Amino acid sequence: MNENFTYWSDLVDKKLQNKLSEQDSSAFDALITENPEFKKFYETQKQFAQGIKMAERLRLKESLKIQLQEETESASTAKSRFSYIFWLSQHSAAIWLVTISTVIALSSVLLYRTWQHQQQKKQIALQWQKAEDLLEEPNKKQEVILSKPDSPITHNASPANKETTVNKPVKPAPRQNFNAYLSEEAIIPKNKNEDNDKKLADDVVVIEKKEKTKTEDEVKTKTNNAGIPAQVLSGIVEEDKVENEKKSSAKLKKQANKEEIVQNSSIKEFYLPVYALRIQDEVQNKNFTATPEQIRSGKDMPRSTKSTTGPKIFVTQYTDKKVQEDNVWYYDFTRDSAGEHLFIYADFEFQSLQLYIDRNPSPVKYYLKTKKGVFALYPNQTQKLAELVSDKKILKYVE
Amino acid sequence: MIENGDERALAYLYRTYSKMVRGYILKNSGKEEDIDDMLQDIVVLVWEKIACKEFVLYESTQLSTYIYSVMKNLWLKRLNKQSKFTSHSIEEHDTPDEDEETYEDMQKSEIVAQAMQHIGSTCKEILTYFYFYKYSMEEIAEKLNFANAQTVKAKKYQCQKKLEEIIKQQYNALDLL
């Protein structure tokens, strides 16, 4: 049996491996036909062989599937990596874009702020410079300017008016009034103008002292040289003296009142000093700067030498109790030839005043040009204007 | 690669000839789901044939030509099986071809294949080399470092007995053998 089994086994193995020779094959076929036991053995071995082949085929297929799956996974991994890298590149580009934009925006804001700061510094520096200029040249900034119109001035005042003027003495402003004004400087808060104000006040006092030493003859000579009738001028001087004497006794009292007014006043800018009045000199065709003393006294004021009837403009300080109480100062412009009194108010809010004289229409029109506009002034309306100013009403603009 | 047992050749063959197989099957009454099965069968069969020491590819014959012929035969067999299975339901007494495995044989082969998973690796290698790759005893002895062919032959006998026992443990011996 063992021999048979070994034989059969070898024979079946050869058959299954197709290694049977022609002779063995015939023997194999005879054995199957004749021996049913061998046939069963062969069938069993054949089933084993088929099963083993199937197992190996299944293993190979499984190996193939695993390889394909790995390749797919690696491909998808590579794809995902590529996608991630692509996404990252895009994202990094976006990050860069946002970062650069932010930096640019912040830089712009910073530059703008720096520029703004520099501009502010410049403006402050300019303002300081202006303020220093103002402090250095207070007279220039605060002077009152009077100028004539471009057209040549032709005096056409009527003789009647002349007579009126001659007969009517000018009301000179008391000197103590200006001194009182100067004394008010001490009440005003101290600033850099204070020294200039004091200096000016000293100058005025010196001028006043000089004038006191002057004789009446000197005054007459001067005014005569200027073309003013001697009677008028002497009358003014006489009147000035009388008024000074009359009011010298009330000087202290008025000063006290003035201080009280100033303290109670809510509009302190009214006390800004007018140091000088610039008047167009018709004779020399140049501006003349009048000192406060000249304005007040009317002496050494410019006038016309071409004609005796030419205009002479001088300024006196009009003093009135009511006006003083309202803290409004008036300047009395008097034309000696016409004898007319023109009250020019000096609202100290106006830092410059220009007087335009138009002699073509009759009566003569005076225009006061201020920073607030041009106002027509009529000799017979001066009192009304003064009232308007004293009531602190704004005058209407007149073309 | 195949002769050296490098199984990466399987994937190479699959990728290389998938387009050809796909076109052929779709042109010859095949469906999309048949392609993968066919490709696997073709690749494994080609692997099996080439791995055998007796496989010789003539110089004038290209591998693609050989694979094409394998594919054609396999596909025709499958078509025949499908047609026979269809006609079998009609003609119940139709006798199967001798070369063709019957459904019963297929079941028995599957039982053996499953049992192969439970025997040792040496037994698996000896049986596979012998029945699948058709190595001689001498070749197996050399490959697996056995002393000689007789030792392999004795070992093979033991492995067959072991496989038979595994099958008998799981299935009724009368049913199978």
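Sequence lines set the chain letters: A, B, ... in the order given, protein chains first and strands last, and positions in each chain run from 1. Treat the numbers as computed from the prediction; the structure is a model and nothing was measured.
Within residues 150-157 of chain B, the residues having any heavy atom under 4.5 Å from a heavy atom of chain A are, by residue number, B:Lys153, B:Lys156, B:Tyr157. Residues of residues 33-45 of chain B that come within less than 4.5 angstrom of chain A, heavy atom to heavy atom, are B:Gln40, B:Asp41, B:Val43, B:Val44 in numerical order.
Interface check for chain A: of the options B:Arg15, B:Glu7, B:Gln117, the most heavy-atom pairs under 4.5 Å are formed by B:Glu7.
Using a 4.5 Å heavy-atom threshold, the side chains of A:Gln50 and B:Tyr131 count as separate. You'll find the side chain of A:Phe41 stays beyond 4.5 Å of the side chain of A:Leu31, heavy atoms only.
If you run side-chain hydrogen bond (donor to acceptor under 3.5 Å, both in side chains) between A:Glu56 and each of B:Tyr129, B:Trp47, B:Tyr133, only B:Tyr133 comes through.
With a threshold of 4.5 angstrom between heavy atoms, A:Asp13 approaches chain B through its backbone and through its side chain. The contact between B:Arg8 and chain A is made by backbone and side chain atoms together, counting heavy-atom distances below 4.5 Å. For A:Leu68, the part sitting under 4.5 Å from any heavy atom of chain B is the side chain, from C-beta outward, and nothing else. Residue B:Gln114: no heavy atom, backbone or side chain, is found under 4.5 Å from chain A.
Sorted by first and then second residue, the pairs that involve residues 19-28 of chain B and meet side chain to side chain donor-acceptor pair (under 3.5 Å), not counting sequence neighbours, are B:Arg22-B:Glu32. The ring-ring contact (aromatic ring centres under 6.0 Å, His included) pairs that include a residue from residues 15-34 of chain A are A:Phe28-A:Phe38, A:Phe28-A:Tyr42, where partners are two or more places apart or lie in different chains.
Between the side chain of B:Gln158 and the backbone N or O of B:Cys123 there is no donor-acceptor pair closer than 3.5 Å. A donor-acceptor pair is defined here as one N or O able to donate and one able to accept, closer than 3.5 Å; such a pair exists between the side chain of A:Thr44 and the backbone of A:Lys40. One N or O on the side chain of B:Thr128 and one on the backbone of B:Lys124 form a donor-acceptor pair closer than 3.5 Å.
Electrostatic pairing of B:Glu164 and B:Lys168 counts as a salt bridge here, judged by a charged N lying under 4.0 Å from a carboxylate O.
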Next on the checklist: The test is side-chain contact (heavy atoms from CB on, under 4.5 Å); show your working for A:Thr33 and A:Lys39 and say whether it passes.
Outcome noted: CA-CA 8 Å; A:Thr33 309; A:Lys39 187 180 179 182; over 6 Å; no

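By the 6.0 Å contact criterion, NZ on A:Lys14 is open, its count of non-hydrogen atoms from other residues, nucleotides or ligands being 12 or less. Within 6.0 Å of CD in B:Glu142 there are 12 or fewer heavy atoms belonging to other residues, nucleotides or ligands.
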